[in-house]
Novice: 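One structure follows; several queries about it will come next.
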Amino acid sequence: MAQFTRRRFGRTVLAGAAVSGLRNLFAQDDCAPPDGTPVDFVIPKLQNIQRKAIAELAPNEVARLQLAYKKLRDLAASDPDDPRGWMQQAKVHCWQCGGSGMDIHGSWTFLPWHRAYLYFHERILCKLLNDNSFRLPYWSWDDKLYRNLPAIYRTATAGGDTNPLYDANRSDGAANGSSMPGSIFPALQNPMNAANFASFGGGASAGGALEFGPHGAIHMWTGGPDDPYADMGNLSLAARDPIFYVHHCNLDRLWAEWNRRNPVQHANPADAAFLTRSFQFFDENKQLVNIRVQDVLDPAPLGFSYRPGAKLSESKPARWTQLKYDPATHLIQLPENVRAAIAAPSVIARKRSLVVEDVTLPLKSGSYNVFVGDPPAAAPDQSTAVNYVGYIGIIVGEHHRQHKSSLVLQATSQFLQTASGAGALLTFAPAGTANGERLDFDIAYLTEE
Ligand code: C2O
């Protein structure tokens, strides 16, 4: 079974310079929340209602969702200072993505912060609808059938009026209903196969596979691809697109599902620093509330749950081998037995992944192909190169620090045969280009299924 014990929680992340080029769009104060005196969160008395996939919504439920966002937008127009209104809700996210100097991305706070954010957002929508049975739906992109922008979010009008779920700042592919490229879900980089929370959801100073896998890639695909990345492609603007909330609802669901699949190995961190970390949000009554991570680890008391199951594959037992990696020479060494197993005509073809920790990620939003060593010449399909190890979408905001993450990358037999002993800096090359940023990492494991 997985052994993945060497973690370095508490290490300080290098403070990176803010992402250049877009800084003037947002002065720091533009996303500051209104003032308030917080009270402590009290568990609400709510009926536990399952959140549904967008594809499962009945016509009256679609109409209710549209009405909720119409009311949110109307409130922003009639009282821009009401902390519950549409733009104020979007600013909450902007504020926590580095605008305040406190970034909840790129670490283990990513999942619980967004769960709390969606919870208060949902309470506000219930209040505006005067309907406590409303729950946010999720965009079930884990299922191949739903890997395009849901139709109800695409049309500029709905029933003769402006569609409150529409946003104009999207990529052509998202806007016209095309499917996401398969590269967003590399078979060997499935976050649901992460062996423990540090890999799945991150640690004190590094993000996890869900955040730096489909989360970022789908943000970039929806809002990208061109710089300046509008709405979904930019953390400071992302929550100005209504699709943001249902994208994150699916991430929240995948977190719950990953916990469910293995309550022991997939337990959430028990560290006091994690459990007692607190955040503030305005609730449905405009009251500022202080909520701790431990208040959101179980969705049921927050009034929602998810039907068990998700289309990303089940976790399988994996064998973990720590690789010898020399940070001075950047050489990876495969143990003799692994080398022999790879060279031998294999009885069972094993699925091998390269797990690296504490990788400092590029500071600029984009879709990157990851190579060990030099990227091949720009070609239509660089992913066939022997040193190709993966694809990653990175989304950052304006006032950003550099993130670190553990990454689960692909390790084909061909790669392992040629890479052993080869220079092994990871290169992040913006997709389709032959040059990239070379970045160091600390530890490598080989996992085998
Ligand atoms: Cu707070 Cu998807 O980002």
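In listed order, ligands and their atoms are each counted from 1.
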Novice: Within 2.8 Å of atom 1 (Cu) of ligand 1, is there any N, O or S atom belonging to His248?
Specialist: no

Novice: Are any of the side-chain nitrogens in Asp231 or Arg240 under 4.0 Å away from the carboxylate oxygens of its partner?
Specialist: no

Novice: Is atom 2 (Cu) of ligand 1 under 2.8 Å from any N, O or S atom of His215?
Specialist: yes

Novice: Where atom 1 (Cu) of ligand 1 is the corner point, what angle links NE2 of His105 with NE2 of His93, to 10°?
Specialist: 110°

Novice: Specify whether an N/O/S atom of His219 falls short of 2.8 Å from atom 2 (Cu) of ligand 1.
Specialist: yes

Novice: Check Asp295 with Arg292, please: is the shortest side-chain N to carboxylate O separation under 4.0 Å?
Specialist: yes

Novice: Can we say Lys286 and Asp82 salt-bridge, meaning some charged N sits less than 4.0 Å from an Asp/Glu carboxylate O?
Specialist: yes

Novice: Is the distance between the ring centroids of Phe134 and His121 under 6.0 Å?
Specialist: no

